[in-house]
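Notes for the one structure printed next.
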Amino acid sequence: MANTSLLKLEGDASIATASNRLGMPRREFLQFCATVAASLGLPPGAEAAVAEAVAAKKRPSVIWLHFQECTGCTESMLRAEHPTLERLILDVISLDYHETLFAAAGHQVERARKTAMAENKGSYILVVEGAIPTRDGGIYCKIGGQTAIELTKECAADAAAVIAIGSCASWGGMPSIMPSNGAPNPTGASGVAAVLGKPVVTIPGCPPNPYNFLSTVVHFLTFGTLPAVDELGRPKFAYSRLIHENCERRAHFDAGRFAIEFGDEGHRKGYCLYKLGCKGPETYANCPSILFGDAGAGTWPVGCGCPCIGCTEQGVGFSKPIHMLAKVKNVDPPQQYPRIVEEKGIGATMGSAAVLAAVGGVAAGGGAMVARNLGLSYKAEEAEKARAASEKTEV
């Protein structure tokens, strides 16, 4: 029934306008809306609401800040194709401030940020990419004369929603574990929630999948609220299941078929990468479900033969050695598995057959003696009963 309500929108003028604006055929646009609704775990019929919201509602203003990071999160956005980045920022959201993508610089850029914040006060979305250095007053990252701490607090004050994109912004990521003179985290790199002192939506990953971000924004556009999140602020539609649960190599794990070394027979045959250090059994993300990069089937690390490093999990990604075995959260593998190829017997030799026959003969003879003794015992018991009865009668 949900598809019926969605198909009825195909002839709607606003849907036609939106599909033309996005450079997509109408049915492809509606399919995109249905996919977003499904990925968000929305109830039947919600895909029509998503389509109407994207087509008719005002594009949300987005302020995108950059701090301690490699710009990988933005780079992953550049590779999105459904819709492409230019369609995303021009037709789905209004990207009013983004240091990497802006052609302008200096005072012009800062003026654009302040203007967007003033004109969309209380309704814009703040996106933070990169960790925020907090040591020594935050002097290790400054933009326009303001520290990352000051910028984040200023922009978050009037934001309708705050999204931390990438592991660095979510919990500190790579900058928080990089050593200096033997001590980790020399700049006091922290996540956005820790700096603001309140929960924010976190989309961890190094980099995260761009469609997790897009789906979060579309949910906000459709319903005026952000999607449900877990205790770490991660959207449940993307981070509620272990990678291990939906991995295409899971059957090999259950059967005990593992790659032991890179390039060995098991690795070439696509066996489970658990013994190569795959962190999928303790990492929550939807990587095997939606893949990565719009490059075709198998386009995610494990699908390409590389163990998951757990980049979405604090204390796993960038913390555990790559080849360290993961802690399996849902099922512990047994200590021993059957070998992939069991050795086959060569048949019984004449000598072994003779020994087996002799053993069998002894067993048969022993069984006959036991049966005979049991029979004698039964007869003796019956004779004893008869004699006792006879003696009683005589008395």
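Values below: every heavy atom of this structure, side chains too, minus hydrogens, waters and symmetry copies.
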I need the Leu242 CG to Lys329 NZ distance, nearest 0.5 Å. 6.5 Å
CD1 (Ile139) with more than 12 external heavy atoms under 6.0 Å: yes
Main-chain N/O of Asn286 paired with Arg241 side-chain donor or acceptor, under 3.5 Å: no
Please step through side chain to side chain contact (heavy atoms under 4.5 Å, CB included) for the pair Leu226 and His219, ending with a clear verdict. CA-CA 6 Å; Leu226 292 168; His219 188 285; 5.5 Å; no
d(Thr134 OG1, Tyr140 OH) to nearest 0.5 Å is 10.0 Å
On a heavy-atom basis, which atom in Pro184 and which in Ile177 lie closest, and how many Å separate them? CB-O, 4.2 Å
Given side chains that start at C-beta, do those of Glu248 and Trp300 come closer than 4.5 Å, heavy atoms only? yes
Looking at Lys279 and Ile322, would you say the former's side chain and the latter's main chain have a donor-acceptor pair under 3.5 Å? yes
Return yes if some donor-acceptor pair links the side-chain N/O of Thr202 with the main-chain N/O of Val200 below 3.5 Å, else return no. no
Let's go through Arg113 and Glu154 carefully: what are the C-alpha distance in whole Å and the side-chain angles of both, what is the deciding distance for side chain to side chain contact (heavy atoms under 4.5 Å, CB included) to 0.1 Å, and is it a yes or a no? CA-CA 11 Å; Arg113 176 178 65 83; Glu154 177 188 346; 3.5 Å; yes
Can you check whether Val229 reaches Tyr239 side chain to side chain, under 4.5 Å on heavy atoms? no
Is it the case that one hydrophobic cluster holds both Leu126 and Leu214, taking links as side-chain heavy atoms less than 4.5 Å apart, direct or via other members? no
Hey, are the side chains of Asn185 and Ser176 touching, using non-hydrogen atoms and a 4.5 Å cut-off? yes
Taking the side chain as every heavy atom from C-beta outward, state whether Phe237 and Asn212 have any atom pair closer than 4.5 Å. yes
Given Val192, which partner from the list Val128, Ile163, Val201 fulfils the side chain to side chain contact (heavy atoms under 4.5 Å, CB included) test? Val128
Is there side-chain contact between Phe262 and Pro307, with heavy atoms separated by less than 4.5 Å? yes
Less than 4.5 Å apart, any side-chain heavy atom of Met117 and any of Asp96? no
Report the residues that fulfil salt bridge (charged side-chain N to carboxylate O under 4.0 Å, His left out) with Glu69, sequence neighbours left out, ordered by chain and then residue number. none
Is atom CD of Glu75 surrounded by more than 12 heavy atoms (other residues, nucleotides or ligands) closer than 6.0 Å? yes
Reported CD1-to-SG distance for the pair Ile63 and Cys155, which is rounded to 0.5 angstrom: 6.5 Å
Is the shortest side-chain heavy-atom distance between Arg234 and Pro204 below 4.5 Å? yes
Leu273 and His267 have their tightest heavy-atom pair at CD2-CD2, 3.7 Å
In the single-linkage hydrophobic clustering (I, L, V, M, F, W, Y; side-chain heavy atoms under 4.5 Å), do Val162 and Leu151 co-cluster? yes
Looking only at heavy atoms, which two atoms of Cys247 and Val302 are closest? And how far apart? SG-CG1, 3.7 Å
List, by chain and number, the other hydrophobic cluster members for Val316, where Ile, Leu, Val, Met, Phe, Trp and Tyr join if side-chain heavy atoms come within less than 4.5 Å, directly or indirectly. none
Would you say Ile143 and Val195 are hydrophobically clustered, going by side-chain heavy atoms of ILVMFWY under 4.5 Å? yes
Using 0.5 Å steps for rounding, measure from the CD atom of Glu119 to the OH atom of Tyr124. 12.5 Å
Quick check: is Phe102 connected to Ile165 through a chain of hydrophobic side chains (ILVMFWY, heavy atoms under 4.5 Å apart)? no
Of all heavy-atom pairs between Thr312 and Gly205, which one has the smallest distance, and what is that distance? CG2-CA, 3.8 Å
Tell me if a side-chain donor or acceptor on Thr147 pairs with a main-chain N or O of Lys142 at a distance below 3.5 Å. no
Considering all heavy atoms of both residues, which atom of Gly263 and which atom of Arg268 are nearest to each other, and what is their separation? O-NH1, 2.6 Å
Got a salt bridge between Glu313 and Lys320, using NZ or NE/NH1/NH2 to carboxylate O under 4.0 Å? no
Look only at the side chain of Ser123 and the backbone of Asn120, and say whether a donor-acceptor pair between them is shorter than 3.5 Å. yes
Is there a side-chain contact between Pro175 and Cys168, using heavy atoms and a 4.5 Å cut-off? yes
So which atom in Thr283 and which in Cys308 form the shortest heavy-atom distance, rounded to 0.1 Å? OG1-SG, 4.2 Å
Applying the 4.5 Å side-chain criterion to the ILVMFWY set and letting contacts propagate, would Leu65 and Phe213 be lumped into a single cluster? no
Would you check, one step at a time, whether the test side chain to side chain contact (heavy atoms under 4.5 Å, CB included) holds for Thr152 with Phe67? CA-CA 10 Å; Thr152 302; Phe67 299 128; 3.2 Å; yes
What's the spacing between His252 NE2 and Phe258 CZ if we round to 0.5 Å? 11.0 Å
As an exercise, state the distance from CD of Gln108 to CZ of Arg111, rounded to the nearest 0.5 Å. 6.5 Å
Cut-off 3.5 Å, side chains only: do Glu282 and Tyr284 have a donor facing an acceptor? no
Angle class for the His244/Phe253 ring planes (parallel below 30°, perpendicular above 60°, tilted otherwise)? perpendicular
With His98 via ring-ring contact (aromatic ring centres under 6.0 Å, His included) - residues at least two apart: Trp64, His66
